[in-house]
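Presented below is the structure to which this report refers.
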Number of protein chains: 2
Amino acid sequence: MEAKKIKEADNQSVKPQEKTHSGCVGIIQPVQDALYVLSGKWKLPIIISLTFGNKRFGEMSKEIPKITDRMLSKELRELEMNQLVKRTVYDSIPVVVEYSLTDYGKTLNPAIEELYKWGKAHRQRIMGKG
Amino acid sequence: MEAKKIKEADNQSVKPQEKTHSGCVGIIQPVQDALYVLSGKWKLPIIISLTFGNKRFGEMSKEIPKITDRMLSKELRELEMNQLVKRTVYDSIPVVVEYSLTDYGKTLNPAIEELYKWGKAHRQRIMGKG
DNA sequence: AAACAAACTATAACAAAGTATAGTACTATA
DNA sequence: TATAGTACTATACTTTGTTATAGTTTGTTT
């Protein structure tokens with residue numbers, strides 16, 4: 001499988017000659033690239049689940065609150081295409097499929113960590129010091 | 001204006017008694033909280049634009065590639081509700097409206113920074129060492 | 001008075017994302 | 001033969017997100 005390309009539409013914008021205004025376009029684009037790969041409700045939950053150890057389909061299905069099998073399957077395939085997740089089939093009987101994070105997938109850790117910290121603080125702020 | 005509540009649906013899950021599996025649910029939820037606030041294609045671009053200085057509607061509209069006025073207006077309102085962005089009306093003539101990040105909005109900086117770094121590396125990986 | 005700018009807002013249409021439900025293929029066990 | 005486990009996939013549908021287009025208000029310039 002081949003890595004999904006970065007959206008064409010994100011390619012537009014800013015030839016080097018153009019004014020970069022305050023330089024913010026150079027920041028926006030990579031952030032949008034990241035969001036594109038992580039888009040949707042479930043990719044980060046799946047990745048997080050796998051940072052806690054390799055998992056089988058059924059385990060993840062139980063472990064990630066509210067995810068449906070369809071979404072799990074769909075998102076795992078996308079993550080695989082982007083080389084963040086690896087799928088290993090053991091030809092035991094019955095067949096067992098194990099998912100794991102690739103080394104590349106693990107490079108998302110610092111970003112996830114920051115989102116986690118912010119999200120935690122945000123929840124506390126909103127729920128009132130809970 | 002009042003801060004938008006965290007989605008009810010995100011409240012479900014895990015009573016303290018329940019098995020936390022490998023503890024990953026405790027990470028997933030805050031990350032989903034963060035994603036909820038930052039959801040959509042435009043909130044981070046808008047926030048990034050404002051980290052480079054206070055801006056007026058028209059400036060942001062030009063500076064953020066491809067955003068429509070409708071989305072800019074809608075997303076600014078949401079960010080304002082979440083206290084990430086402040087809207088200041090100067091009663092000059094003609095009236096001028098300035099948007100800025102709140103201190104709280106600025107706390108997103110580390111997360112954005114990590115997403116930026118990852119997105120930049122990802123683009124290089126995919127575009128081929130560009 | 002006519003045209004224009006800033007900062008939006010309304011309406012409708014369309015696209016993407018997500019959910020619900022059911023079903024498949026394989027094998028094992030009762 | 002019937003039931004069950006594992007790992008999905010198909011279909012249809014609903015919801016949410018985004019875009020396109022046009023219009024509003026207040027005031028300015030010509």
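Distance A/Tyr36 OH to D/dG17 C1': 16 Å, rounded to the nearest Å. Straight-line distance from the CD atom of B/Glu78 to the C1' atom of D/dT18: 13 Å, rounded to whole Å. Put simply, NZ on B/Lys74 is 7 Å from P on D/dT18, counting in whole angstrom units. Taking atom CG of B/Leu38 as the reference point, atom C1' of D/dG17 lies 16 Å away to the nearest angstrom.
Bracketed by its first and final contacts, the part of DNA chain C lying under 4.0 Å from non-hydrogen atoms of chain B reaches from C/dA6 to C/dA12 in 5' to 3' order.
Nucleic acid contact class of B/Tyr99 (heavy atoms, under 4.0 Å, all strands): sugar-phosphate only.
Nearest heavy atom pair, residue B/Pro65 against residue A/Val25, reads CG-CG1, 4.2 Å. B/Ala111 approaches A/Glu114 most closely through the heavy-atom pair CA-CB, 3.6 Å. Heavy-atom minimum distance, A/Gly119 versus B/Ala34: CA-CB, 4.0 Å.
One finds no salt bridge joining A/Glu80 and A/Arg77 here, because no Lys/Arg side-chain nitrogen approaches an Asp/Glu carboxylate oxygen to under 4.0 Å.
Both B/Ile67 and B/Leu38 sit in one connected hydrophobic cluster of ILVMFWY residues. Membership requires side-chain heavy atoms under 4.5 Å apart, directly or through other members. Residues A/Leu72 and A/Val95 are members of one and the same hydrophobic cluster, defined by side-chain heavy-atom contacts under 4.5 angstrom among Ile, Leu, Val, Met, Phe, Trp and Tyr. When the side chains of ILVMFWY residues are joined at heavy-atom separations under 4.5 Å, either directly or via intervening members, B/Val97 and B/Trp42 end up in a single hydrophobic cluster.
Nearest-nucleotide mapping onto DNA chain C: of B/Asp69 and A/Gly40, the residue sitting toward the 5' end is B/Asp69.
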Anything under 3.5 Å between a protein N or O and an N or O of nucleotides 12-14 of chain D, put it in a table, one pair a line.
none

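Ring-plane geometry between A/Phe57 and A/Tyr99 is classed as tilted, the angle between the planes lying from 30 to 60 degrees on a 0 to 90 degree scale.
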